Amino acid sequence: MNPILAPCSGENFCLRQEVAMTPHTGQRHGGRLLQRADAASPGSQKPIKAATNLQSRKEARMSQQVQEKYEESHLYKIRHSAAHVMAQAVVELFPEAKYTIGPPVENGFYYDFDLSHHLTPEDLEAIEKRMRQIVQGKHEFKKTVISAEEAKKIFANQPYKLELIEGLEKGGFDEYGNPLDEKPEISIYQHDTFTDLCRGPHVENTKEIKQDAFKLMSVAGAYWRGDEKNKMLQRIYGTAWEKAEDLKQYLWKLEEAKKRDHRRLGKELDLFSVSEDVGPGLILWHPKGAMIRVLVEDFSRNAHLQGGYEWVFSPHIGRAHLWQTSGHLDFYKESMYSPMDIEGEDYYAKPMNCPFHIQIFKHHTRSYRDLPRRYAEYGTVYRYERSGVLHGLTRVRGFTQDDAHIFCRPDQVEAEISRALEFSLYVLRSMGLTDFKAYLSTKPEKSVGDPAKWEKATEALRRAIEAHNLPYELDEGGGAFYGPKIDLKVMDALDREWQLSTIQFDFNLPERFGLEYIGEDGQAHQPYMVHRALLGSMERFFGVLIEHFGGAFPVWMAPVQVVVIPIADRHLEYARAVADNLRAAGLRVEVDERPERMNAKIRDAQNQKVPYMLVLGDHEMNAGQVSVRVRDGSQQNNIPSGEFIARAKDRIARRAAEL
RNA sequence: GCCGACGUAGCUCAAUCGGCAGAGCACCCGCCUUGUAAGCGGGCGGUUACGAGUUCGAUUCUCGUCGUCGGCUCCA
C-alpha cells in the first residue's frame, strides 16, 4: 500500500461533523482508489479546503505528516517537474491559457488551466508530444527567491498567480489555501521558456523526466481552489514514473482494474442492472446477483442470531414527526426525498433505520436487566445523491444497510464494542476478506454528551482495536459530534481500500428520543447507544465482492456452482441424472443442453466463471463417473460423482477460496 | 449540481461530405454428434435515448430533456 494513500483516510471520516447524525456506511467513497487515483491525492482536494476549525486543521496536519515522505521522494520531484513541463507545453500551444496550480498526486500529477478552448484528446496528444521534446532538451530547473513586487511583475498576465501571490503576501495560506505557520518566502522556478510561482522541489533538469515514463491521461473540469462557487477550470491529469517499466506496470494495473470493474462484470455475468426507466442509482438485482446476496444475507443473519442479536423489521416510510425528533429534518433534509402526503400528514422515505429501532426499544419500560438489546435489520434506505456522483453499486440512491443498534448500560460498553468488532471481523473474514485497517476517531471540539462518557467510550473503542491486534490510525478530533467511532477498511485483491464497517457511539439520539432504562437504584438512566454496520450497504458490498474476486466467486458464493456438459445428445439423459444427484446434495447446477460443441460450452462456462464443469461422454456414462474441469483450468478424470460432491461440499462448508 | 465526452439491434462496435442503418456475438431454425476456451448454414432483431428545429432529405447540423462515463463539488 502506498503510504500516500493514507492522507485520504481523513476525508472518509465525517467531513461535516457539525451536521452528522448517525452512521452512514456504505455511501462513502473510498473504493476505486485505483481508478480515481486523484481522489487519494496528497495536496489536492482536501488540503485545498481552508481549515476552518481545529478538526480540519488536524486532518490537514495528519495528511501533511504522511505526505512528507512522498514529498521528499525523487518521484515526487519528477511529477512536480512534469507538471511544469506540461504547463509549458500548454502555454506554448495555447498562449491565452492562464495557468493556476499543478501539484503531484498519487500516481502522477495534474495542472489546472483557465482556457476557453475545450481541450480534446487530440490536444492532449499534441501537448504530450511537445512535452517529450522539452524533456529531451535537458533544461535546468532554476529556483529564485524574489519579492512579492517582483513576482507580481512577472505574473502580471496571470491572474491566478497574482491571487496566490497575494495569499502568500498575507502570509496566511499556501497555494492550496492551507494556513501556514510562518510567512513563506516567494520563489519561482524556471526551466527552458517557462516560469512558475513555486516552492519546489524539482529535479535538476528536464531530462530526469524520462520521455517514455510519463503519459497524459485525461482532461476534466475542476473548480478553482476546489470551491464550487469558483470558476470551473480544465484539469489535465498525467502520470509519471521513474522509468518506462514503472509506467507500463501502472498502466497494466489500470487495465486489470478495468477488467474487474463491477459495472462491467455485473453486465457480463448478468448480476445486476440499473434501468433508465426505474431511475438512476436504483439497483435491480438479477437472479444470479440476488443469489449471491441471499447467500451473504443468510450467512450474516444466522451469524447475528447466534451472536446475540435480535432480528427486527421496520417500514420504509415514517411520519415527519419522527424525523423532526431525530433531527434529520434539521440537519439532513437536503439528502432526504420530498415528503408524500398521506391523509394530510407528511411522510418521508427513510434515510436511516435508527429512529425505528429506537421506537422498538421505547415500546417497553426497560430494566437494567434487559440490557443490552441488540436490534439488527437489513434496512433499505433512500438518500438523495446529486446526479454527478452516482457510480455503479458503490454510490446509489437506494440501498440496504446491514444495520444494528445496540442499547446498553455504561458498564457494558466495553464488552459490547469488543464484541461488535470481533463479530465484524468474523463476518468479513467469512466473506473472503483478510486485510483490515482500523481508524479510531475521537472527540471533536463541538460535541454533545458529557466528556466523561466520551472518554469512556473512546477508551473502550481503543482497547477493542488493540485487543484485536489491528493496525490502526488515530484521527484525533475526527469523531462525529454525537460520538466516537471505529471505521474498518478492507484491502481488496488489488490493494485498494474500501471502507465497510463502522461502529459508532451516539450520545445524541438517546437524548433526543428520551431513551431510558430503570437501574438497580430504581431511577431512570440514559442508555448508551451504538450504531454499527458491518458490510455497510449490500449494494456497495456486492460491488466490492465483485471487484475483489474479479467475478470468480468462491464456491459457496457462486450463483452457479456446477455446469454439466454433455458431449453428445446421447449423454443428455446421464447428464440430467448427474445434475439431479448434485441438486439433491444441495449444489446449484445447470445442464448445458444447447446443441453446441463441447468446446463452446466449456468456453461459455469458463467465461461465466463457474467453479466446476462436469464433462460427460461415453466414458463417464459407462463408468458412472464424471470428469471435472475446474475453473482454474485443471482437470481430473474418472471421478465417482460422490467423490466430486464431497469435494464441493467440503469447499462450501468451509467457505474456502480453493476450488 | 458543475465541466467535458458520449448515447446506433439484448451485448461489443461500424456507417465517407447530410443521401435506402451494417458486422460479430447472443437469440431462433436447420445440419453436424462432438473429449477440455468459439463447428457450419439460414433467419429474427432498429421510431439511431427522447422531444423540437434547420433541410428536398438528419444517425450525421442546432437547441432542449433524460441517461452513461471521466473528473470537480458533495457524501450526514
Side-chain angles (χ1 to χ4, degrees), chain A residues 11-30 32 35-39 44-45 48-49 110 112 118-121 217-237 261 263-264 267-268 270 273-281 326-328 330-336 351-352 383-392 394-395 480-482 499 565-572 594-607 613-620 627-631 633-637:
Chain A
E11 83 184 276
N12 284 320
F13 300 138
C14 297
L15 287 173
R16 297 168 57 195
Q17 277 85 11
E18 45 306 322
V19 294
M21 291 302 300
T22 42
H24 47 96
T25 53
Q27 283 293 288
R28 295 170 218 211
H29 90 284
R32 302 189 53 78
Q35 290 91 331
R36 300 175 49 193
D38 53 289
S44 62
Q45 302 86 324
I48 283 168
K49 277 189 166 307
Y110 68 79
D112 286 348
H118 292 305
L119 293 168
T120 63
M217 305 300 284
S218 62
V219 55
Y223 300 108
W224 166 237
R225 287 193 151 163
D227 187 335
E228 66 180 320
K229 289 189 210 74
N230 290 340
K231 184 164 185 184
M232 178 74 70
L233 308 169
Q234 293 190 71
R235 171 173 298 179
I236 304 176
Y237 280 103
D261 190 310
R263 294 165 300 182
R264 173 191 180 135
K267 205 181 273 180
E268 284 174 9
D270 196 16
S273 66
V274 181
S275 155
E276 201 172 315
D277 290 329
V278 174
S326 72
H328 287 101
D330 291 334
F331 298 117
Y332 192 60
K333 193 166 186 184
E334 72 282 7
S335 295
M336 291 172 67
M352 304 271 185
R383 302 177 181 179
Y384 167 70
E385 298 279 359
R386 298 214 272 179
S387 59
V389 307
L390 298 172
H391 183 94
T394 59
R395 193 81 184 265
F481 81 95
Y482 52 79
Q499 159 129 20
I565 298 175
I567 291 177
D569 289 349
R570 64 177 178 280
H571 309 122
L572 253 178
R594 293 174 306 164
E596 277 292 349
R597 274 177 77 213
M598 175 204 68
N599 277 323
K601 294 177 185 179
I602 287 175
R603 181 170 191 274
D604 290 341
Q606 200 73 55
N607 283 337
M613 286 145 268
L614 299 189
V615 178
L616 307 182
D618 290 336
H619 187 72
E620 288 75 14
S627 162
V628 184
R629 182 191 164 99
V630 186
R631 183 170 62 197
S634 66
Q635 59 170 299
Q636 284 155 287
N637 300 330

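If you're wondering where the values come from, they're calculated on a predicted model, not measured in any experiment. A note on names: the letters A, B, ... follow the listed sequences, proteins ahead of strands, and every chain is numbered from 1.
Nearest to the side-chain atoms of A:Arg395 among the listed nucleotides B:G70, B:A38, B:C74 stands B:C74. Looking at the side chain of A:Tyr237, the nearest of the listed nucleotides B:G71, B:U34, B:U36 is B:G71. In the set B:C74, B:A37, B:U36, the nucleotide with an atom closest to the side chain of A:Arg603 is B:A37. When distances are taken from the side chain of A:Pro280 to each of B:U36, B:U68, B:G70, the shortest belongs to B:U68. Checked against B:U33, B:G35, B:G71, the side chain of A:Asp618 finds its nearest nucleotide in B:G35. Listed candidates were B:C72, B:G35, B:A37. Nearest to the side chain of A:Gln606 is B:A37. For A:Arg386, the listed nucleotide lying nearest its side chain is B:C74; candidates were B:C74, B:U36, B:G70.
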Pairing pattern in dot-bracket form [Watson-Crick, G-U; both distances under 3.5 Å; | = partner strand] for RNA chain B: (((((((..((((.....[..)))).(((((.......))))).....(((((..]....))))))))))))....

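A:Asn607 comes within contact range of at least one nucleobase, with a heavy-atom separation under 4.0 Å. When heavy atoms are screened at a 4.0 angstrom cut-off, A:Glu620 is found touching base atoms of the nucleic acid. Residue A:Thr120 is classed as having no contact, given no heavy-atom separation below 4.0 Å to the nucleic acid. Within the nucleic acid shown, A:Asp569 comes within 4.0 Å of at least one base atom, counting heavy atoms only. Across all strands, A:Asn230 comes closer than 4.0 Å to no nucleic acid atom at all (heavy-atom distances). Base contact: A:Ala220 has a heavy atom under 4.0 Å from a base atom.
Separation of the P atoms belonging to B:A21 and B:A9 is 15 Å when rounded to the nearest angstrom.
The base of B:A37 lies close enough to the side chain of A:Arg629 for a donor and an acceptor atom to sit less than 3.5 Å apart.
Residues passing the side chain to side chain donor-acceptor pair (under 3.5 Å) test with A:Ser275, sequence neighbours excluded: none.
Heavy-atom nearest nucleotides on RNA chain B were determined for A:Leu119 and for A:Val628, and the one closer to the 5' end corresponds to A:Leu119.
In this structure, the CD atom of A:Glu596 is 11 Å from the P atom of B:C25, given to the nearest Å.
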